[in-house]
Amino acid sequence: MAILDRLTGRFRPALALRRAIQLSDSGRLAEAFALMAIAAGAGIVEAQYRVGRCYLEGTGVPPSHSEGARWLRRAANRGSPDAQALLAALCIAGLAGKESGSEGLFERDSSREPDFTAALELARKASEAGSATGQALIGYILSKGPKAMRDLDAAHGWYEKSAAAGCPEGCLGFALSLARLRQPEQRARIAAEVRRAADAGHQPAARALASLYLSGNGVAKDAEEGARLLRAAAASGNRESQVDLANLVLDGGGEPDDEISVAGWFGASASSGDLVAAFNLGLCFANGLGVRKDQERAAHWIARAAEGVAEAQYMYARMLQDGRGMAADQREARLWFERAAGAGIVDAQVALAEMLYNGRGGERSLIAAAHLFKQAAAAGHAGAMFAIGALYETGQGVSLDYKAAQKWFAAAAERGHGHAQLMLGRYLSRGIAGDQDPAAARIWLERAAARGVEEASDELAETERRHRSRPLAPGLGA
């Protein structure tokens with residue numbers, strides 16, 4: 001930093017702040033931060049807010065959430081609505097740190113639990129000073145915060161007020177709040193609010209708008225425009241948009257260059273230690289998306305991601321089970337399925353239950369298998385529902401219970417499970433669980449046959465034969 005700038009900062013802090021902004025705009029970030037810090041130390045509120053932003057964003061100084069929050073709190077306490085709104089957002093994310101000066105000298109810069117109470121107080125102060133961002137944050141807290149704090153109608157009002165002021169977060173929140181009302185006549189307005197946020201550079205809104213164009217929900221369906229919006233948001237670093245664009249390409253959409261772009265984004269982030277990107281890069285290699293298809297490299301990246309990404313743990317277990325990109329190892333696959341199942345991955349719960357049922361990769365345990373199938377069924381997994389029905393029918397891991405079996409077959413059948421439709425039709429035709437219902441049996445057997453279940457046609461023919469040949473009741477007939 002030039003001697004003149006240092007002298008200016010020491011004796012005229014307001015002028016130092018203006019000079020810092022000029023330096024920042026010209027890309028001289030470290031020099032800008034040094035002057036900004038002098039102005040902040042002299043008590044200029046705007047400088048304190050900017051110093052806090054610099055620490056959060058790593059602009060001209062190593063990034064630090066705790067230092068960023070400390071400077072933002074100074075500015076917020078002196079009435080800066082921008083600082084109050086940003087500090088409220090940090091409170092929601094659990095990154096605001098402690099309010100007192102009791103932090104340890106070498107305290108780690110790590111996440112803490114969200115503090116919605118402090119966030120709401122700060123957001124209200126910001127909104128009272130006219131901050132549209134503060135208004136949007138109140139809407140978020142009242143709609144997404146702890147249940148005791150929720151008030152969806154009030155949240156809708158705050159989002160509407162924020163959107164009217166042109167706040168991108170307010171526009172998107174207002175659109176989502178309108179969608180909650182499930183009023184078809186509001187779809188065009190929802191799309192308009194999302195577009196306002198997207199046009200203001202809000203990347204999550206751009207992603208949402210792309211989804212509307214791809215689905216034709218509230219706007220005329222336009223796959224090219226949807227892909228363009230996703231591409232722009234993805235190029236700006238929005239991770240969710242990168243994943244959406246990758247899935248669009250896998251489904252045959254997008255442009256030829258999109259494959260290479262997607263693989264490049266994931267590769268750069270994965271190389272810097274981003275585990276989610278490592279998982280997505282592994283999927284690129286597994287599917288040949290933007291790179292040459294290579295199962296070994298897919299296994300390498302997915303294994304790396306499995307250190308902290310539950311979906312990767314499930315996928316790595318599948319690759320170990322099938323021997324894709326590595327030698328098959330049922331015992332190791334079972335361990336990874338167990339980790340993913342413990343993290344709540346429903347397909348992993350089912351896969352682990354199947355291994356426990358069959359005794360693959362370890363000891364057989366029918367009771368544990370039944371427990372996992374029930375867990376997955378509670379999450380809506382049709383295959384798990386069918387499996388529970390089969391266990392009740394045979395009394396394996398649970399007590400023999402034909403009524404319970406029929407109930408679970410029915411639950412899976414209603415979700416389109418072909419073999420469950422076959423079993424439900426068979427139960428209703430034969431009265432296995434009690435009452436017969438030939439008409440309902442025919443419906444379910446026809447559905448199973450339409451899904452290609454071979455036994456369904458034979459069972460349907462047997463049902464027709466059985467109920468045609470039943471003797472007439474006494475006194476009926478010729």
Side-chain angles (χ1 to χ4, degrees), residues 84-86 88-95 114-117 119-120 122-124 126-127 130-223 225-234 236-245 247-248 276 380:
Q84 291 163 348
L86 185 50
L90 290 181
C91 287
I92 292 171
L95 297 172
D115 187 345
F116 285 96
T117 301
L120 183 59
L122 285 162
R124 288 196 186 281
S127 67
S131 169
T133 302
Q135 294 163 355
L137 285 167
I138 295 174
Y140 179 84
I141 294 166
L142 296 180
S143 60
K144 302 292 185 180
K147 287 185 178 180
M149 298 178 73
R150 290 183 190 177
D151 184 338
L152 297 182
D153 291 336
H156 184 84
W158 281 107
Y159 277 137
E160 186 172 17
K161 186 180 294 188
S162 177
C167 174
E169 292 81 5
C171 292
L172 182 58
F174 185 47
L176 295 174
S177 185
L178 284 171
R180 175 184 62 84
L181 301 177
R182 298 183 182 277
Q183 297 173 350
E185 67 274 12
Q186 293 285 6
R187 282 188 294 183
R189 189 177 182 190
I190 291 169
E193 293 295 340
V194 174
R195 175 172 286 285
R196 286 180 66 198
D199 288 346
H202 193 268
Q203 297 307 328
R207 179 188 177 222
L209 185 60
S211 176
L212 294 180
Y213 273 112
L214 292 170
S215 64
N217 188 3
V219 295
K221 191 170 183 178
D222 189 336
E225 179 64 8
R228 185 193 68 78
L229 287 163
L230 276 183
R231 195 175 297 116
S236 297
N238 184 267
R239 179 186 293 172
E240 291 82 1
S241 296
Q242 293 171 353
V243 173
D244 287 348
L245 186 60
N247 287 325
L248 181 66
V276 173

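Computed over heavy atoms, backbone and side chain alike; hydrogens, waters and symmetry mates excluded.
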Minimum heavy-atom separation for [X] and [Y], please, with both atom names.
X	Y	answer
Ala155	Gly139	CB-O, 3.4 Å
Thr133	Ala85	CG2-CB, 4.1 Å
Arg189	Glu160	NH2-OE2, 3.8 Å
Ile138	Ala123	CG1-CB, 3.6 Å
Ala88	Leu137	CB-CD1, 4.0 Å
Ala119	Ile92	CB-CG1, 3.7 Å

Mind checking what makes ring pair (Phe, Tyr, Trp, His ring centres under 6.0 Å) contact with His202, not counting sequence neighbours?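 If we apply the ring pair (Phe, Tyr, Trp, His ring centres under 6.0 Å) test to His202, skipping adjacent residues, there are no hits.
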
Looking at [atom1] of [X] and [atom2] of [Y], how far apart are the two atoms once the value is rounded to the nearest 0.5 Å?
X	Y	atom1	atom2	result
Leu90	Asp115	CG	CG	11.5 Å
Arg228	Leu245	CZ	CG	13.0 Å
Glu240	Gln203	CD	CD	11.0 Å
Asp151	Ile141	CG	CD1	13.0 Å
Leu142	Leu120	CG	CG	6.0 Å

If we only count heavy atoms from C-beta on, is the [X] to [Y] side-chain gap below 4.5 Å?
X	Y	answer
Leu248	Asp244	no
Leu172	Val194	yes
Pro204	Asn238	yes
His156	Phe174	yes
Leu214	Leu230	yes

Using only atom types and a distance under 3.5 Å, with no angle test, would you say the side chain of [X] pairs donor to acceptor with the backbone of [Y]?
X	Y	answer
Gln242	Ala234	yes
Ser162	Ala132	yes
Tyr159	Tyr140	yes
Ser211	Arg207	no

Partner residues of Arg195 under the salt bridge (charged side-chain N to carboxylate O under 4.0 Å, His left out) criterion, sequence neighbours left out: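 If we apply the salt bridge (charged side-chain N to carboxylate O under 4.0 Å, His left out) test to Arg195, skipping adjacent residues, the hits are Asp199.
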
Just to verify, what does Glu193 make a salt bridge (charged side-chain N to carboxylate O under 4.0 Å, His left out) with, not counting sequence neighbours?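 With sequence neighbours excluded, Glu193 shows a salt bridge (charged side-chain N to carboxylate O under 4.0 Å, His left out) to Arg196, given in chain and number order.
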
